[in-house]
Asks: 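One structure follows; several queries about it will come next.
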Number of protein chains: 2
Amino acid sequence: MAEPERLTKRNAIRQENESRIMAAAEKVFAEAGFGGATMQLIADMAGLPKANLHYYFATKEELYREVVRNIFNFWLHAADTFDKAAGPAEGIGAYIDAKMEISRRHPDGSKVWASEVMHGAPVIQDYLETTLRDWTAGRAALIQRWIDEGKMAPVDPRHLLYMLWATTQHYADFGHQIETLNGGKPLSEKQWKAAKESVKAIILRGIGAI
Amino acid sequence: MAEPERLTKRNAIRQENESRIMAAAEKVFAEAGFGGATMQLIADMAGLPKANLHYYFATKEELYREVVRNIFNFWLHAADTFDKAAGPAEGIGAYIDAKMEISRRHPDGSKVWASEVMHGAPVIQDYLETTLRDWTAGRAALIQRWIDEGKMAPVDPRHLLYMLWATTQHYADFGHQIETLNGGKPLSEKQWKAAKESVKAIILRGIGAI
DNA sequence: CTTCCTCTTGACCATATGGTCAGGTTGTGA
DNA sequence: TCACAACCTGACCATATGGTCAAGAGGAAG
């Protein structure tokens, strides 16, 4: 597939610029939405002239597409914890921890993803129909197995997954609201820990895993 | 406050046009986001010339603000069920039902709200800091009382509220994703019922209310 | 050193969009 | 019927923005 990419100065510059642009784009898309984001603003934030963006990414759509794909892949891989567990308490507990950590560390990515899906997934519909669909079917089957083995209560695996996504991503997507309700301050280390524990406690007890 | 508004033909037309515009705006803002929405599209969808929009709503911001306020108030009132309950099973169960129903009937409003909050609540920040903060404090106190009375497990009321919001609104905001994972078809009557039951079962058991 | 290719960028263009306005139409109240 | 105000709208304008381009700077390879 991808060439090994020799370690020349050129390639270093290219990689550096592309990731600067991607990082800036993720932030701007998250804050302003696709329509509200401007190439000029992304360029400024990346510290490059606007024309240079168009050298690396021909169009705004293309840049956006790359950002979304990037996020999607990141999320998928972050969910590997799920499989390696012997039962729901560990598996789902670890999954909640992982997703909460992502919400904390990469809220912008989460927002871009949410925005993309809310607007009908114009650029990653194919991924939803293939990769995500397969991923979901696999985890649902695993959960069903746990149920059949009597390791947890008989809940609909799909709706459980939706609940996991919703609850964990909420801390990123609605972070501003949570911050406002927290007296205008971001959640502290302690509060994040409490959030994780609360979520895990309610859900794990809710599915009869503890 | 507001004048009783005599029932003249003028007022009827005004009201008709304003609600047509608001409905169209809600849909367009939900589908395209604030930045992606255009006054022209809203006008077309409302069946009015663009200049007429600006007669009723001076600017795009003003129209957007009205839409968001509208949604916010709708949501607040829809949560009255919460208070009238004797305990968590009824109170929170009814709240979940009500919010799921809103997600089903008014997904556009939910999306606009989500978008507004995700972008830092530029137009309803004051509401978050006053009305929503008070509302949240009140319900948190009520939940705490239930806990103190031994009617449910000792969970952090705030995080429980976040979980309720997240889970129920997810069915509207991420409706497209859910639909895709449902074979491309919207949830049926049966499936909506199952969703409600799943959510209620997990959460109510999770907080020790059943 | 020379050649070639990649990269950089200021200036520029076409278009879309929010918003304006003048003149016309319609309802209202006396 | 008349005068006034509310309402309507096609045409228009200023601006912002995505995208282009030609000329030049900077590495890479021989």
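Small disclaimer: the values here were computed from a predicted structure and weren't measured. In what follows, every heavy atom counts, from backbone to side chain, and hydrogens, waters and symmetry copies are set aside. Just so it is clear: chains get the letters A, B, ... in the order the sequence lines come, proteins before strands, and each one is counted from 1.
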Asks: Just N and O in the side chain of A:Arg14: are any of them under 4.0 Å from OP1 or OP2 of C:dC7?
Replies: yes
Asks: Between C:dT9 atom C1' and A:Asn52 atom CG, what is the distance in whole Å?
Replies: 7 Å
Asks: Under the side chain to side chain donor-acceptor pair (under 3.5 Å) definition, can you give me all pairs with a residue in residues 32-49 of chain A, not counting sequence neighbours?
Replies: A:Gln40-A:Asp44
Asks: Counting only side-chain N and O atoms of A:Tyr55, is one of them less than 4.0 Å from OP1 or OP2 of C:dC7?
Replies: yes
Asks: Quick one: salt bridge (charged side-chain N to carboxylate O under 4.0 Å, His left out) partners of A:Glu18, sequence neighbours excluded?
Replies: A:Arg14
Asks: Quick one: what's the B/S/- string for nucleotides 11-25 of chain D, heavy-atom cutoff under 4.0 Å, read 5' to 3'?
Replies: ------SBBBB----
Asks: Among residues at least two apart in sequence or on other chains, which ones pass side-chain hydrogen bond (donor to acceptor under 3.5 Å, both in side chains) with B:Glu129?
Replies: B:Gln125
Asks: Excluding sequence neighbours, so at least two apart, what forms salt bridge (charged side-chain N to carboxylate O under 4.0 Å, His left out) with A:Asp83?
Replies: A:Arg139
Asks: How would you label the contact of A:Ile13 with the nucleic acid (heavy atoms, under 4.0 Å): base, sugar-phosphate, or nothing?
Replies: sugar-phosphate
Asks: Name all pairs fulfilling the ring pair (Phe, Tyr, Trp, His ring centres under 6.0 Å) condition that reach into residues 30-57 of chain A, sequence neighbours left out, sorted by first residue then second.
Replies: A:Phe29-A:Phe34, A:Phe34-A:Tyr64
Asks: Taking the side chain as C-beta and beyond, is there a heavy-atom pair between A:Ile42 and A:Leu63 under 4.5 Å?
Replies: yes
Asks: For the pair made of CZ in B:Phe57 and C1' in D:dC8, what is the distance, rounded to whole Å?
Replies: 16 Å
Asks: Is A:Asn11 close enough to D:dA28 that one of its side-chain N or O atoms is under 4.0 Å from OP1 or OP2 there?
Replies: no
Asks: Figure out the CG/C1' separation between A:Leu53 and C:dC7, and round it to whole Å.
Replies: 14 Å
Asks: Report yes if at least one side-chain N or O of B:Tyr56 is closer than 4.0 Å to OP1 or OP2 of D:dC8; otherwise report no.
Replies: yes
